[in-house]
Amino acid sequence: MTRQIALVDCNNFYVSCERLFRPDLTHTPIVVLSNNDGCVVSRSNEAKAIGIRMGQPWFECKQLAEEHGVLALSSNYALYVDLSNRVMSILADFAPRTEVYSIDECFVDLTGMSKLRDINYLMRERVLQWTGLPVCVGVGPTKTLAKLANHIAKKHPRSRGVFNYNDLTDEQQTRLLGQIDVGEVWGVGRKLTKRLAKHGINTVQDLRTAHTPTLRAEFGVVMEKTQRELQGVACIELEDHVPDKQQIICSRSFGKPVTELAVLQDALSVFTATACEKLRAQNGHAALVQVFMLTNRFRQDLPQYNPSMAVPLPMPTNDSLVVNRWVQHMAELLWRDGYKYKKAGIVLSDITPVSVVQADLLEPVSTSDTKLMLAIDGLNARFGRGTVKVSTGGMSDGWAMRQERKSPNYTTEWDAVPAV
DNA sequence: TCTCCGATTAGAC
DNA sequence: CTAACGGTCTAATCGGAGA
């Protein structure tokens with residue numbers, strides 16, 4: 001039986017979330033910026049039409065944008081995560097198997113269902129009606145073709161937001177894939193597009209029909225799988241369970257350059273708290289802790305210094321206080337006066353489930369620290385992140401990221417709920 | 001010569 | 001007015017070290 005894998009993808013997701021609470025902006029060109037108000041990460045159709053590129057640094061397109069009356073907003077992740085959860089739970093009702101692939105995308109396995117066309121349009125309608133968010137639905141026999149079908153649904157208004165690749169004849173498939181750039185394929189990015197072009201592979205059809213042993217030899221196993229998927233042979237399965245993280249990173253660019261160790265240490269203590277909280281949430285212990293700090297790589301006129309250091313922990317842990325002692329110590333060792341630090345962060349790795357405890361030969365296992373961590377997590381879950389935190393002095397305004405254009409937390413803070 | 005492991009690369013979003 | 005290019009994560013591959 002032909003598999004019917006749907007990929008449901010929200011249109012201009014962050015921008016659409018912002019518009020829900022600002023219907024007056026329905027036709028205003030909008031962009032949403034990354035952390036630190038650095039780059040454009042979501043664009044309304046109007047903003048795309050003006051020529052603002054995905055990922056473009058805001059300072060680069062600011063002038064053009066403002067000439068065209070573009071509204072730029074800082075990203076409001078609390079809002080996007082909340083709305084994403086609503087979308088995903090709606091989609092989960094359509095099939096026994098779904099995979100939340102990203103904040104705005106979900107694979108839905110509709111294999112064997114009758115009235116598929118109706119279901120596809122119903123998914124779109126229901127998400128729109130229940131959340132106000134527009135989505136497109138692409139269907140194909142593999143995840144890669146579902147992604148491509150979604151791209152087609154987004155690009156061609158005539159599809160009315162739904163496109164099923166499985167409905168095409170062989171001739172139609174060949175003609176369609178011959179018209180799409182190979183760079184649109186899932187897993188083929190900028191670099192690979194260039195290298196493929198050197199082999200005369202420019203369209204999706206070129207890739208689908210390329211000589212497989214050559215492709216394998218030149219581009220590796222990943223590309224061969226991509227080709228098989230384009231031929232309709234499933235190589236990438238739907239994942240039922242989200243696997244635990246193998247490493248947890250928390251890092252930020254600073255709103256202004258940091259020149260004092262105490263300020264950087266304050267930032268690192270907050271990153272440590274966040275990372276350990278995530279580690280505890282997945283019931284893990286980390287055996288390796290890394291710290292890094294970076295100067296601004298875009299300012300080659302300034303002296304550059306990008307040190308990092310790692311400590312293997314004698315006893316794997318998820319205790320913020322224990323981890324923080326190592327982090328603070330490493331920060332002192334790495335720090336050099338005279339540099340303008342732009343970014344810093346920590347990495348937790350060598351992660352194992354807490355159930356796998358390496359007992360210490362000399363010390364009995366203590367539980368008092370884990371009780372403290374549970375209490376901290378409980379308070380933060382109830383009253384908001386940062387209510388209780390590990391601190392080295394609370395000088396946080398020395399490093400906080402720029403976020404000058406953030407909308408209110410409409411859906412997660414009572415005070416921000418708009419009046420009716 | 002083989003194996004292991006850390007570093008690098010490329011990708012997604 | 002500052003200073004002005006994100007953050008997390010994975011898999012594959014590369015290349016050097018040590019067996």
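Below, read A as the first sequence line, B as the second, and so on, with proteins coming before strands; counting in each chain starts at 1. Everything numeric in this text was worked out from a predicted model, so none of it was measured.
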Measuring to OP1 and OP2 of [N], would you say a side-chain N or O of [X] lies under 4.0 angstrom away?
X	N	result
R252(A)	dT8(C)	yes
S253(A)	dG6(C)	yes
N296(A)	dA4(C)	yes
K342(A)	dA4(C)	yes
K343(A)	dG7(C)	yes
Q246(A)	dT8(C)	no

When you measure from the side chain of [X], which nucleotide among [options] comes out closest?
X	options	answer
S34(A)	dC5(C), dG6(C), dG7(C)	dG6(C)
L192(A)	dC9(C), dG11(B), dT8(C)	dG11(B)
K191(A)	dT8(C), dG6(C), dG11(B)	dG11(B)
N35(A)	dA4(C), dG6(C), dT10(C)	dG6(C)
Y101(A)	dG7(C), dA12(B), dC5(C)	dA12(B)
Q247(A)	dT8(C), dA4(C), dT10(C)	dT10(C)
R402(A)	dA4(C), dG7(C), dA12(B)	dA4(C)

Rounded interatomic separation in angstrom, taking [atom1] from [X] and [atom2] from [N]:
X	N	atom1	atom2	answer
I249(A)	dT10(C)	CD1	P	8 Å
E404(A)	dG6(C)	CD	C1'	16 Å
Q56(A)	dA4(C)	CD	P	18 Å
N306(A)	dT8(B)	CG	C1'	16 Å
Q290(A)	dG7(C)	CD	P	17 Å
W186(A)	dA10(B)	CH2	P	20 Å
K225(A)	dT13(C)	NZ	P	10 Å
D350(A)	dT10(C)	CG	P	13 Å

Please work out if [X] contacts a base, only the sugar-phosphate, or nothing of the nucleic acid, heavy-atom cut-off 4.0 Å.
X	result
D37(A)	nothing
R190(A)	sugar-phosphate
R299(A)	sugar-phosphate
I248(A)	sugar-phosphate

Regarding D109(A) and R3(A), does a basic nitrogen lie under 4.0 Å from an acidic carboxylate oxygen?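 A salt bridge is absent here (no side-chain N lies under 4.0 Å from a carboxylate O).
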
E46(A)/R19(A) ion pair, N-O < 4.0 Å: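 Salt bridge: yes.
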
Search all heavy atoms of C276(A) against all heavy atoms of N318(A) and return the closest pair with its distance.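 Where C276(A) meets N318(A) most closely, the heavy atoms are CB-O, 3.7 Å.
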
Minimal non-hydrogen separation, F13(A) against Y80(A), with atom names: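 Between these two residues, the closest heavy atoms are CZ-O, 3.6 Å.
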
Any donor-acceptor pair under 3.5 Å linking the side chain of D104(A) with the backbone of N11(A)?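 Judged by distance alone, no pair lies under 3.5 Å.
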
Are the side chain of T98(A) and the backbone of F107(A) linked by a donor-acceptor contact shorter than 3.5 Å?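 No.
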
Quick check: on DNA chain C, is the nucleotide nearest R216(A) upstream (toward 5') of the one nearest G255(A), or the reverse? Name the residue that is more 5'.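 Mapping each residue to its closest nucleotide by heavy atoms, the 5'-most match is G255(A).
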
Nearest-nucleotide wise, let me know which of S251(A) and F298(A) is further upstream toward the 5' end of DNA chain C.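 On the 5' side of the pair lies F298(A).
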
Assess the pair W399(A) and Y341(A): is the distance between their ring centroids shorter than 6.0 Å?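 For W399(A) and Y341(A), the ring centres are not under 6.0 Å apart.
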
Base partner of dA7(B), which must satisfy Watson-Crick or wobble distances under 3.5 Å: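 Looking at the geometry, dA7(B) pairs with dT13(C).
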
Pairing partner of dA4(C) (Watson-Crick or G-U wobble, both distances under 3.5 Å):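 Partner of dA4(C): none.
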
With a centroid cutoff of 5.5 Å and a plane-angle limit of 30°, would you call W58(A) stacked on dC5(C)?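 The base of dC5(C) is not stacked with W58(A) (the test needs centres under 5.5 Å and planes under 30°).
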
